[in-house]
Enquirer: 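Right, I'll just put the structure down here and ask away after.
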Amino acid sequence: MLARHNLQRAGFDKRRASPHIGGDDSQKAAVSDPYDDFPGYEPVAPRAGGIAARALAALSPAPDFISALNPEQREAVETTEGPVLVLAGAGTGKTRVLTSRIAHILAQGQARPHQILAVTFTNKAAREMKERIAALIGPSAEGMGWLGTFHAISTKILRRHAELAGLKSNFTILDTDDQMRLLKQILRAENIDEKRWTARTIAYLIDNWKNRGLAPKNVPAGEAQAFANGKGGAIYALYQERLKILNAADFGDLLLETLKIFRENPDVLKDYQQRFKYILVDEYQDTNAVQYLWLRLLAQRTDGGKPNLCCVGDDDQSIYGWRGADVDNILRFEKDFPGAKVIRLERNYRSTGHILAAAAHLIAHNTDRLGKTLFTDGEDGEKPQVSGVWDSEEEARVIGEEIEQLQRQNHSLDEVAILVRASFQMREFEERFITLGLPYKVIGGPRFYERLEIRDALAYLRCTAQPADDLAFERIVNTPKRGLGEASLQIVHDYARRQQIPLMQAARVLVETEELKAKQRSTLRALLKDFERWASEIGQTPHHELAEKILEESGYTDHWKQEKSAEAEGRLENLKELVRSMEEFPDLGAFLEHVSLVMDADNADGGARVSIMTLHGAKGLEFETVFLPGWEEGLFPHQRSLDENGRAGLEEERRLAYVGVTRARRRAKIYFATNRRIHGLWQTTTPSRFLDDLPAAHVQVTENRGSGSGYGAYAQSRFANMDAFGSRYDTPGWKRAQKNGPGGRGPLTIEGEVLSRSTPTGAFAPGDRVFHQKFGPGSVAAVDASKLTIDFDKAGRKLVLDSFVEKTSK
DNA sequence: CGGAGCGGGATTTTT
DNA sequence: TCCCGCTCCG
């Protein structure tokens, strides 16, 4: 038993250590010998008619991945029919089960690769899964077209049926940044006090509604009126309208709109239900209401049979409640899917006995859990250590010293991690490590595609490829600074809004008139020309070269070259990296799609370094030695979690502590400080109540000032009784909105370009007295469609657009 | 238009 | 205390 678990460990480590270069490295994985995973593995004769025998016939050489599993894992892999819930504790071989299960289904010939739906939460998880499947079964893993994140798979489906959701199949996916800008516009238009109700707050609300599967019309009335002076719901509706006009979807829409399509189009749903013979879900405890509803629909068998749905997760590691994940989904599984088989994986292959005992004891204090107890056949090892320090400064110093000590014992720095509750804690460690000259890396900073320069560059590409992309246009119209500021943009904006046309379209009309100052007009005209020229090169020039050209000719790269800061260098590097990465895609469109959904910051660099990251960021990772600083009341458990979510919040914090402890293979070191600076003020702190949740017999206490915190009374969750499952999309308003499209009376457009649009003719005639916001009163001299030549009383003769003037009585 | 100066807010984060 | 975003002024 021990021998096998060592084998498995070796297998896991090896996979994890293999660097991901990006792009398509399935090739590499496919040629590598699957037995590499199991050094010292001794083959067993294939059972007649068994998997090995079958697989051998189809492929050669075929690994017998089944016999490398423990009995529970094996049961989870071989129970392919009917609903299965695999409760996989930390370090019990969860990914191994998922990948082996897929390999098994394929090897048995029960389904073809494209008939398996395998869903993950992160791109990283999806990528790893694909690699590991390829390692098991070879190149046929390539056919797994439906292995991906909830969002990626939803996007794929949504593009196919976009028109059913009031979108065109080339819709843009907005990120948080775009969302904010859009919301700000709406808030301003609605006269909402942006100090009282920030775009961030509203975005959070909308996101929450979407996570719960609620379209604007389904938001409970009380809730819709509880925000933004009673306009919360209305703003959500307006926001959705604007998205449709922009032919755009935000992350929440990807799922919500797909769900809506499934609900309203039984034929479409049926098609997917028949397509997916087997469904697998990773990290099921992290699913939210929409994802749950989405899955439940897809899993339903058209013949009324039981769904072949396999969900893998760990209720004890559910730490994303604050962003909509609902632990109840996993707790309810057996009720949701009658006849479900629940398999517990409790044999841990990662940590030593004391660490496991400490973690198990800690998490046992939670009540909302299915319950499982991890065990190991391995050695007891060192007891987790709990130490008290005077303040956060001493904490950083002591941890620094301990790491140097480990370093002297040849402990690799790659195997050391510091896991903090909140990112402000990182700074103290960084400062200390810089003084010590201890190499470190901070994991989970801004992602590659979220960086300023990358977002700017992408906005240029979006404007080129999708001229109707207003948000992109707004972003770069004055970046680099070209003198097209707020005032000029406002004019373009006003016109576009009034005519309901995209900004670029509006700009094109405006440069023909004198609404804008001469200087701005010529700058804008030049910019529009640039975009036209670049657009004409799509399909001609290879897209990565075109991108480079755009960044050069727009002056964007120069803009950073001129800024001689150390930061600017890095930004230029990132831009180069962006262009380089484009080569892997067939065309600009494919690249933009990838980027909005998938791109990760994958900065692999040499040299061993200590990792500093948040506890959230550490989920799924493991280290030889883990430092857990800041176990103090108010910080961990975090006060806000307690205040906002009461007991549920506390339990989630405790799960976070559990995740932290279980990241350690051999050494876990917990710290609490008695003084900590919070918002600039030094405060005396109390040791975390989680310290008292640890079993004395399995913990080594270096110093303890005792913890005397009592449990306060926690506010009850405000929306405890909201029911997401009663949501419907058949309200008259929603239907109308879908049928007519946003606003219902926009101009006729194709791909965002206006086909026909005319201002009512005859509205103005020569001799009319008019008033212009900027030029004041004047008389119409001549009319040319929507363009008016006007003799202004003060400003003289100007060519302006009719929509900017008002008729005044003579 | 863009820089300086002021006030408010300050968990966790993926897609 | 520190950082970001907004406002005001040159």
Side-chain angles (χ1 to χ4, degrees), chain A residues 119-126 148-155 173-180 184 188 194-196 198-201 203-204 207 210-211 249-256 283 286-288 290-291 318-325 419-428 443-447 449-450 478-490 517 519-520 523 593-601 613-620 630 634-645 649 652-653 655-657 659-660 676-683:
Chain A
V119 207
T120 65
F121 274 84
T122 65
N123 295 299
K124 192 173 158 221
T149 62
F150 274 102
H151 291 86
I153 289 167
S154 286
T155 305
I173 299 165
L174 300 189
D175 57 29
T176 336
D177 217 70
D178 297 321
Q179 268 184 68
M180 294 298 207
K184 272 184 193 164
R188 240 160 252 175
E194 284 176 77
K195 291 241 167 86
R196 178 83 182 77
T198 61
R200 230 190 94 180
T201 312
Y204 179 78
D207 219 52
K210 289 186 177 176
N211 283 157
D250 66 16
F251 285 123
D253 283 339
L254 296 176
L255 283 146
L256 189 55
E283 306 278 18
D286 286 340
T287 48
N288 59 33
V290 213
Q291 287 158 342
S318 161
I319 55 175
Y320 286 110
W322 51 274
R323 65 180 197 211
L419 310 183
V420 298
R421 176 62 181 80
S423 38
F424 76 84
Q425 293 173 263
M426 293 179 176
R427 215 164 97 179
E428 205 120 27
I443 308 218
R447 324 237 149 256
Y449 66 89
E450 279 167 7
N478 200 30
T479 310
K481 303 263 183 283
R482 41 171 81 88
L484 292 170
E486 199 51 46
S488 317
L489 187 61
Q490 194 55 49
K517 293 201 193 104
K519 207 174 129 209
Q520 271 86 358
T523 313
E593 162 91 17
H594 170 87
V595 124
S596 52
L597 215 54
V598 178
M599 197 123 122
D600 292 315
M613 62 180 102
T614 63
L615 287 158
H616 284 92
K619 197 168 111 180
L635 177 58
F636 193 35
H638 200 282
Q639 193 57 46
R640 241 178 112 164
S641 208
L642 267 36
D643 290 346
E644 287 170 13
N645 296 298
E652 183 155 312
E653 293 283 304
R655 289 193 290 267
L656 202 48
V659 167
R676 188 173 293 274
R677 203 157 52 175
I678 297 165
H679 305 333
L681 294 172
W682 281 99
Q683 312 228 294

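Numbers restart at 1 for each chain; the letters A, B, ... are given by sequence-line order, proteins then strands.
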Enquirer: Round to a whole Å and report the spacing from OH of A:Tyr204 to P of B:dT12.
Expert: 13 Å
Enquirer: Scan A:Arg427 against the nucleic acid and name what it touches under 4.0 Å (heavy atoms): base, sugar-phosphate only, or nothing.
Expert: sugar-phosphate
Enquirer: Where the side chain of A:Gln425 meets the backbone of A:Ala422, is there a donor-acceptor pair that is under 3.5 Å apart?
Expert: yes
Enquirer: Enter the distance from A:Gln179:CD to A:Leu174:CG here, rounded to the nearest 0.5 Å.
Expert: 7.0 Å
Enquirer: Indicate whether A:His638 forms a stack on B:dT11; treat it as stacked only if centroid distance is below 5.5 angstrom and interplanar angle below 30 degrees.
Expert: yes
Enquirer: For the residue pair A:His616 and A:Tyr320, categorise the inter-ring angle as parallel (less than 30°), tilted (30 to 60°) or perpendicular (more than 60°).
Expert: tilted
Enquirer: Give the rounded distance in Å between these two atoms: CZ of A:Arg323 and P of B:dT13.
Expert: 9 Å
Enquirer: Counting only side-chain N and O atoms of A:Thr614, is one of them less than 4.0 Å from OP1 or OP2 of B:dT11?
Expert: no
Enquirer: Please tell me which of the listed nucleotides, B:dT13, B:dT11, B:dT15, lies nearest to the side chain of A:Trp322?
Expert: B:dT13
Enquirer: Does any part of the side chain of A:Arg676, heavy atoms only, come nearer than 4.5 Å to the side chain of A:Leu635, both counted from C-beta?
Expert: yes
Enquirer: From CD of A:Gln520 over to C1' of B:dG2, roughly how many Å is that when rounded to an integer?
Expert: 14 Å
Enquirer: Using a heavy-atom cut-off of under 4.0 Å over every strand shown, decide if A:Ser488 touches base, sugar-phosphate, or nothing.
Expert: sugar-phosphate
Enquirer: What distance, rounded to whole Å, do you find between the two C1' atoms, one in C:dC2 and one in B:dT13?
Expert: 22 Å
Enquirer: Using a 4.0 Å heavy-atom cut-off across all strands, classify A:Lys184 as base, sugar-phosphate, or nothing.
Expert: sugar-phosphate
Enquirer: Is there a side-chain contact between A:Val290 and A:Phe150, using heavy atoms and a 4.5 Å cut-off?
Expert: no
Enquirer: With side-chain contact (heavy atoms from CB on, under 4.5 Å) as the test, pick out the partner of A:Lys619 among A:Leu656, A:Asp286, A:Thr614.
Expert: A:Asp286
Enquirer: Base, sugar-phosphate, or nothing: which does A:Leu255 touch, judged by heavy atoms less than 4.0 Å apart?
Expert: nothing
Enquirer: For A:Leu642 and A:Pro637, work out which heavy atoms get closest and say how close.
Expert: CD1-CB, 3.8 Å
Enquirer: Which value, in whole Å, describes the distance between the C1' atoms of nucleotides B:dT12 and C:dG5?
Expert: 23 Å
Enquirer: Find the distance A:Leu635:CG to B:dA10:C1' and express it as a whole number of Å.
Expert: 13 Å
Enquirer: Calculate the interatomic distance between A:Lys210 atom NZ and B:dT15 atom C1'; express it in whole Å.
Expert: 13 Å
Enquirer: Atom pairs under 3.5 Å, N or O on each side, protein against nucleotides 3-7 of chain B: can you list them with distances?
Expert:
none

Enquirer: At under 4.0 Å between heavy atoms, what does A:Glu653 touch on the DNA or RNA strands: base, sugar-phosphate, or nothing?
Expert: base
Enquirer: Nearest heavy atom decides the nucleotide; on that basis, is A:Leu656 or A:Arg482 closer to the 5' end of DNA chain B?
Expert: A:Arg482
Enquirer: Does A:Ser641 put a side-chain nitrogen or oxygen below 4.0 Å from OP1 or OP2 of B:dT12?
Expert: no
Enquirer: Round to a whole Å and report the spacing from CD of A:Glu194 to C1' of B:dG8.
Expert: 15 Å
Enquirer: Below the 4.0 Å mark, does B:dT15 have OP1 or OP2 next to a side-chain nitrogen or oxygen of A:Asn211?
Expert: no
Enquirer: Which of these nucleotides, B:dT11, B:dT13, B:dT15, is closest to any side-chain atom of A:Thr149?
Expert: B:dT15
Enquirer: Taking atom P of B:dA10 as reference, at what distance in whole Å does atom CZ of A:Arg421 sit?
Expert: 15 Å
Enquirer: Is A:Asp286 touching bases, backbone alone, or none of the nucleic acid, heavy atoms closer than 4.0 Å?
Expert: nothing
Enquirer: Do we see A:His679 stacking on the base of B:dG9, given a limit of 5.5 Å between centres and 30° between planes?
Expert: no
Enquirer: Quick one: closest heavy-atom pair of A:Asp250 and A:Lys210, and the distance?
Expert: OD2-NZ, 2.7 Å
Enquirer: Nearest to the A:Arg640 side chain among B:dA10, B:dT15, B:dT12, which nucleotide is it?
Expert: B:dA10
Enquirer: Rounded to the nearest Å, what distance is computed from the CD atom of residue A:Gln425 to the P atom of nucleotide B:dT11?
Expert: 11 Å
Enquirer: Can you pull the contact range of chain A along DNA chain C, 5' to 3', using atoms under 4.0 angstrom from its heavy atoms?
Expert: C:dT1 to C:dC6
Enquirer: Do A:Trp322 and A:Glu644 have side chains that approach each other closer than 4.5 Å (heavy atoms only, starting at C-beta)?
Expert: no
Enquirer: Consider side-chain contact (heavy atoms from CB on, under 4.5 Å). Of A:Asp253, A:Leu255, A:Ile173, which one does A:Thr155 pass it with?
Expert: A:Ile173
Enquirer: Could you state the interatomic distance from CG (A:Asp207) to CZ (A:Phe251), rounded to the nearest 0.5 Å?
Expert: 10.0 Å
